[in-house]
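Here the structure comes first, spelled out in structure tokens, and everything after it is commentary.
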Amino acid sequence: MPKLKRLPAKFYHQNTFKIAKELLGKFIICKIGKKFLIGKIVETEAYYGPHDLASHASRGKTARTKIMFDQAGLAYIYLIYGMYYCFNIVTEAKDFPAAVLIRAAEPLNFSKATNGPGKLCRAFKIDKKLNGENLIISKNLYLAENPKDRIKSSQIKNAKRIGVDYAGKYKNKLWRFYLEDNPFVSKK
DNA sequence: CCTGGGATTTTCT
DNA sequence: GAAAATCCCAGGA
């Protein structure tokens, strides 16, 4: 196992798109009972600001989306299509709604399909109990990096976001990022 | 190869 | 009541 270091608070205080790219190759660590599940992030999407029609926050602050308006470094977890949870990382300053959706990860110490946001949450047993979890201090769910294993920018591809056809001119934004040639990426 | 629908629940209109 | 940041399976071409 690589030596992992938890991402510090200042990691989350960068531009959302920079964070979305930097998260590639980082690790999700989730405590399940006495065990830890570790997965390497291979695909992310950025949801940025109150005008991004693909973002839940574009309709204003509600009980569901208020986490996106909160401070950077929190987990925003919501239920989609009544069945699947999606795991997001809140970014930007308080009262500015932005987040990075983790779409896919590569399981390191377990074996399960994680090539999609719904499946990822099922594999990590992420549900709304973890909504609002502070990734900087939580023992149950946090992000880490292997400082010796940085991703080269040449491995990062960008593309249109998935499942946001209703988002008008925002649907074609190249706000999805993934690692080239990684078999766990949900879609090329 | 492709398209379409069902599962299931929260949220907004 | 309809749509949703999804996934899986069936059926047709």
Side-chain angles (χ1 to χ4, degrees), chain A residues 12 15-24 26 28 30 37 39-92 95-107 110-133 135 141 143 156-179 182-188:
Chain A
Y12 302 100
N15 174 277
T16 299
F17 302 100
K18 186 162 192 292
I19 293 173
K21 275 187 275 195
E22 297 254 331
L23 278 173
L24 296 174
K26 300 287 192 285
I28 306 170
C30 184
L37 299 181
K40 186 168 88 170
I41 297 169
V42 300
E43 185 178 1
T44 63
E45 283 180 10
Y47 288 84
Y48 186 75
H51 304 298
D52 177 3
L53 295 175
S55 168
H56 294 159
S58 65
R59 308 255 198 151
K61 193 168 176 176
T62 67
R64 176 173 59 158
T65 62
K66 66 178 189 224
I67 303 285
M68 277 181 93
F69 290 79
D70 211 311
Q71 60 180 297
L74 300 187
Y76 169 45
I77 294 155
Y78 64 89
L79 187 65
I80 191 64
Y81 302 116
M83 300 192 70
Y84 292 100
Y85 290 101
C86 290
F87 174 34
N88 300 248
I89 292 144
V90 177
T91 59
E92 304 292 336
D95 295 323
F96 186 91
V100 176
L101 168 67
I102 307 300
R103 284 194 57 85
E106 176 180 343
F110 62 107
S111 181
K112 266 203 171 73
T114 51
N115 57 330
K119 285 188 281 190
L120 182 144
C121 287
R122 201 165 42 180
F124 279 92
K125 300 206 169 18
I126 291 172
D127 64 25
K128 67 180 189 180
K129 289 197 301 291
L130 293 168
N131 191 25
E133 196 82 359
L135 302 171
L141 178 65
L143 303 177
I156 297 177
K157 304 271 284 183
N158 58 342
K160 288 190 245 187
R161 291 179 292 181
I162 305 289
V164 294
D165 286 346
Y166 58 87
K169 64 180 180 179
Y170 284 90
K171 75 177 186 185
N172 291 323
K173 298 274 184 195
L174 299 178
W175 288 356
R176 184 162 68 97
F177 306 94
Y178 60 90
L179 292 182
N182 188 293
F184 292 92
V185 170
S186 63
K187 240 180 143 180
K188 285 197 215 97

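Quick note: numbers below take in every heavy atom, side chains included, and nothing from hydrogens, waters or symmetry partners.
In this structure, A/Arg122 reaches the sugar-phosphate backbone alone: every heavy-atom distance under 4.0 Å involves primed, P, OP1 or OP2 atoms, never a base. When heavy atoms are screened at a 4.0 angstrom cut-off, A/Arg161 is found touching no nucleic acid atom at all. Looking at heavy-atom distances under 4.0 Å, A/Gly118 makes contact with sugar-phosphate atoms alone, never a base.
Counting to the nearest Å, the P atom of C/dC8 and the NZ atom of A/Lys112 are 13 Å from each other. For the pair A/Glu45 CD and C/dA4 P, the interatomic distance rounds to 15 Å; values are reported in whole Å. As rounded to whole Å, 14 Å separates atom P of B/dT10 from atom NE2 of A/His56. Atom CG of A/Asn131 is separated from atom C1' of B/dT9 by 15 Å (rounded to the nearest Å). Look at NZ on A/Lys119: it is 16 Å from C1' on B/dA7, rounded to the nearest Å. One interatomic measurement links the two molecules: CD1 of A/Ile77 to P of B/dT9, which rounds to 18 Å at whole-angstrom precision. Separating the OH atom of A/Tyr78 from the P atom of C/dA3 is a distance of 18 Å, rounded to the nearest angstrom. Rounded to an integer number of Å, the gap from A/Leu53 CG to C/dA3 C1' is 15 Å.
Side-chain atoms of A/Cys86 lie closest to C/dT6 of the nucleotides B/dC12, B/dT9, C/dT6. Considering only the side chain of A/Ile80, C/dT6 comes nearest among C/dC8, C/dT6, B/dT11. Comparing C/dT6, B/dT11, B/dT10 by their closest approach to the side chain of A/Thr62 singles out B/dT11.
A salt bridge links A/Arg103 with A/Glu45; the closest basic N to acidic carboxylate O contact falls under 4.0 Å. Taking the charged nitrogens against the carboxylate oxygens, A/Asp52 and A/Arg161 do have a contact shorter than 4.0 Å, which makes a salt bridge.
Remark: A/Tyr81 is in phosphate contact with C/dT6, judged by side-chain N or O atoms under 4.0 Å from OP1 or OP2. OP1 or OP2 of C/dA4 has not a single side-chain nitrogen or oxygen of A/Arg64 nearer than 4.0 Å.
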task = Apply ring pair (Phe, Tyr, Trp, His ring centres under 6.0 Å) to A/Phe184 and A/Tyr178, showing your working.
result = CA-CA 10 Å; A/Phe184 292 92; A/Tyr178 60 90; over 10 Å; no

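Using a 4.5 Å heavy-atom threshold, the side chains of A/Phe17 and A/Tyr48 count as touching.
With a cut-off of 3.5 Å on both Watson-Crick or G-U wobble distances, the partner of B/dT8 is given as none.
Of the residues listed (A/Phe87, A/Tyr47, A/Tyr76, A/Trp175), the one engaging A/Leu101 in a side-chain contact (heavy atoms from CB on, under 4.5 Å) is A/Tyr47, and it is the only one.
Comparing A/Lys128 and A/Met83 against DNA chain B, the residue whose closest nucleotide sits nearer the 5' end is A/Met83.
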